[in-house]
A.B. asks: 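Let me begin by handing over the structure; questions about it come next.
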4 protein chains.
Amino acid sequence: MHRGNRHGRSEQARLAVLEAADDLLVEKGFAALTVEGIAQRAGVAKQTIYRWWPSKTDILLEAFLTDAAEELTPPDTGDLTRDLVTHLTAISRFLTASDAGAVFRALAAEGQHNPRLAARLRAEHLTHQRARDRQPLERAQRRGELPAEADLDTLADRLVGPLYYRALVTGQQITEAFVAQLVRATLAGA
Amino acid sequence: MHRGNRHGRSEQARLAVLEAADDLLVEKGFAALTVEGIAQRAGVAKQTIYRWWPSKTDILLEAFLTDAAEELTPPDTGDLTRDLVTHLTAISRFLTASDAGAVFRALAAEGQHNPRLAARLRAEHLTHQRARDRQPLERAQRRGELPAEADLDTLADRLVGPLYYRALVTGQQITEAFVAQLVRATLAGA
Amino acid sequence: MHRGNRHGRSEQARLAVLEAADDLLVEKGFAALTVEGIAQRAGVAKQTIYRWWPSKTDILLEAFLTDAAEELTPPDTGDLTRDLVTHLTAISRFLTASDAGAVFRALAAEGQHNPRLAARLRAEHLTHQRARDRQPLERAQRRGELPAEADLDTLADRLVGPLYYRALVTGQQITEAFVAQLVRATLAGA
Amino acid sequence: MHRGNRHGRSEQARLAVLEAADDLLVEKGFAALTVEGIAQRAGVAKQTIYRWWPSKTDILLEAFLTDAAEELTPPDTGDLTRDLVTHLTAISRFLTASDAGAVFRALAAEGQHNPRLAARLRAEHLTHQRARDRQPLERAQRRGELPAEADLDTLADRLVGPLYYRALVTGQQITEAFVAQLVRATLAGA
DNA sequence: CGTTAATCGAGACGGTACGTCTCGTCTTAAA
DNA sequence: TTTAAGACGAGACGTACCGTCTCGATTAACG
């Protein structure tokens, strides 16, 4: 087990910090998330945090990327509609009902005030997530279910955009019926 | 004109605070927006601010509602597609390129951490805006251009959701082509 | 009673700080005297301390000057030898056995590292104390007990210097016999 | 030349530390004298310092004892007055104008807060220095210039005490005239 | 002549206190 | 009664050093 020394940072401290940040965000909310609080909860010195992370949002981002790296991968049953409904439902649950989603919302919110964070969130998460969101569409296009000239990027945005809008902006519930209608109508207009 | 005296609050002070908050947000960003800074810029005592507003986000919300109350009303040319393209383009410009949009993004971001603010933003702005967003669809439905059984709420979310998603989450540009395709395909799938 | 407001600082807070600093120095020693500790003991915010005192030594100096302003005034019995013995004995007790003397020793020590503090200690205490130390000599000179041409400054230094030397440097005890011999021999060599 | 190995400490590192401590004290003052700074300046690891010295004042004390061991030995011309004037002048220069004196003042100051350091300073320096201060007096006593019953300890304190008092406490200049008068009057009152 | 044990430079660690910043509360005198 | 002014208690900020620790490299007496 590593401890702090010349050969690198303490993995133990790193994980304790990430977990503490995650827990505190979920328990107390973003406003109560302080570097001092994270340090205390993680049993770590403040300086250790500042040595490795520029700010508390960078901690959150790393925690989010570590935890949520493999989530939200769409299924592949061969049935485009079913795969999309399943995937969009998973995205909705993630955004509105999961701890990781709470961290994501906090990061997206801070990204409005912090372009550097927004850029990292895009480069290290959203790009990959958008690629995953396209997967069912690409497979359908290859199967001939979608026309070859369909603009999959736009299509993907039309599918997930309304979910993020409801989850992050209006706060409306995302019902099964809404998702079903969204998928059906969007594919009808592809 | 009222000044600080026994006859009630100073309208002059109120406007100075709202304008100072607005200006500081646009100039320095949300992180640099402090009650002390607003008070100093407005030439007003901190206590005057605390007497009338519970927090700095309430100032911003009031400033936003005062300034932007009448913006983003869709046109009525009788041509649904044209009206929607015009309206969605206006929303995009508002979100990505206007001072009022910057305030809105800040409020939406803080709303992620602050349910009370989120509720006020929804009750005092988003509800009205969503009603405005539905207007072209309602008129078209009345004209018979949209089926009587069309779910206009869902339709509106499918139109504006992708715009908010790009503006607030992914940061992708919202091009004329994107808006045109969004309107065309969404109406096709209605 | 004053509290913090536009019309001046809080006398209550000022006195609490001075007393806390004094007490902590005597109880825990200079090394354990921290601004944070003073603030906590005094029930005062750190910022209130930094608003009014540049450093913890300035607090100590003010506490010392407030407390010890009237101490160490030599008696006037008309008997030079007796007055000097009494006065030098009082100085010795002050330096080695009093709380105020502990504060003085701490200030004198810090003055070695801090010229600004040393200058203030000289200007606001030592100058006055040296004047008091000369009083018995001046009276004796007026009475004709000391030659008119005697250099009283040098004489005073020769009387008190050995006391400070023993108290601050060598740590040797200052006995009654030492004081008596010091006074007798010094007057003999005047 | 020794280096770090099982058979003993590195003399090279020891000297580098002592010199770095000395230099930093003179250059930056006691407040800026940190173990980290000494380690960096000496090109030595912090642990190497903590392995051999309990604190930074112990480093200073060792540096002082190493450098200044043989200074301040009074001359022996056979003329008591001349020897004393020469010796007291050397002490004054040491205290007020030499690098070693700066280190001594720092150690004496810290000794006010640190009894263990004060004890070591007395045992390892002041005792020896006081013995040297007595030498001219002892020789004079043997020569019959001073009465056999003269208390040489008190006499020595009456000679050097005023110098330390001026140098460490009041900051007054120690002039040739002051030294001359001090020696003449003290011997007159012996 | 390789083994081995102590020291070395390096630097991460858990801590404490620093001096600064902003919060939201309060008290006052003037208008 | 409200205002501008500004001191107050509170507490987080990010930094500097503290003294401890672990590491791999170095070195010289011992086996």
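Below, read A as the first sequence line, B as the second, and so on, with proteins coming before strands; counting in each chain starts at 1.
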A.B. asks: Within this structure, what is the CD-to-C1' distance between Q40(B) and dT3(F), rounded to whole angstrom?
C.D. replies: 17 Å
A.B. asks: Is there side-chain contact between L61(C) and W53(C), with at least one heavy-atom pair below 4.5 Å?
C.D. replies: no
A.B. asks: Can you measure Q47(D) atom CD to dT26(F) atom P for me and round it to whole angstrom units?
C.D. replies: 20 Å
A.B. asks: To the side chain of W52(A), which of dA12(E), dC13(F), dC8(F) is closest?
C.D. replies: dA12(E)
A.B. asks: Keeping R120(C) on the side-chain end and H125(C) on the backbone end, is there a donor-acceptor pair under 3.5 Å?
C.D. replies: no
A.B. asks: Can you work out whether A45(C) or L33(A) has the more 5'-proximal nearest nucleotide on DNA chain F?
C.D. replies: A45(C)
A.B. asks: Does dG14(E) have its OP1 or OP2 closer than 4.0 Å to a side-chain nitrogen or oxygen of T48(A)?
C.D. replies: yes
A.B. asks: In this structure, how many angstroms lie between the P atom of dT27(F) and the CD atom of Q12(D), rounded?
C.D. replies: 11 Å
A.B. asks: Ring of W52(A), cation from R9(A) - is the NZ or CZ under 6.0 Å from the centre and inside 45° of the axis?
C.D. replies: yes
A.B. asks: Without decimals, in angstroms, what is the distance between L24(C) CG and dA17(E) P?
C.D. replies: 12 Å
A.B. asks: Taking the side chain as every heavy atom from C-beta outward, state whether E27(A) and R41(A) have any pair of such atoms under 4.5 Å apart.
C.D. replies: yes
A.B. asks: Calculate the interatomic distance between E11(A) atom CD and dT22(F) atom C1'; express it in whole Å.
C.D. replies: 17 Å
A.B. asks: S10(A) side chain: which of dC13(E), dC18(F), dC23(E) is closest?
C.D. replies: dC13(E)
A.B. asks: For I49(C) and dG11(F), give me the distance from atom CD1 to atom C1', rounded to whole Å.
C.D. replies: 14 Å
A.B. asks: DNA chain F: E36(A) or K56(D), which has the more 5' nearest nucleotide?
C.D. replies: E36(A)
A.B. asks: Tell me if the side-chain of K46(C) makes a donor-acceptor pair with the base of dG11(F), cut-off 3.5 Å, by modelled atom types.
C.D. replies: no
A.B. asks: Given atom OH of Y50(C) and atom C1' of dA7(F), what is their separation to the nearest angstrom?
C.D. replies: 18 Å
A.B. asks: Rounded to whole Å, please give me the gap between CH2 in W53(D) and P in dT20(F).
C.D. replies: 15 Å
A.B. asks: Is there a donor-acceptor contact under 3.5 Å from the side chain of E36(C) to the main chain of K46(C)?
C.D. replies: no
A.B. asks: Which part of the nucleic acid does G37(A) contact within heavy-atom distance under 4.0 Å: base, sugar-phosphate only, or nothing?
C.D. replies: nothing
A.B. asks: Is R51(B) near enough to dT2(F) that one of its side-chain N or O atoms lies under 4.0 angstrom from OP1 or OP2?
C.D. replies: no
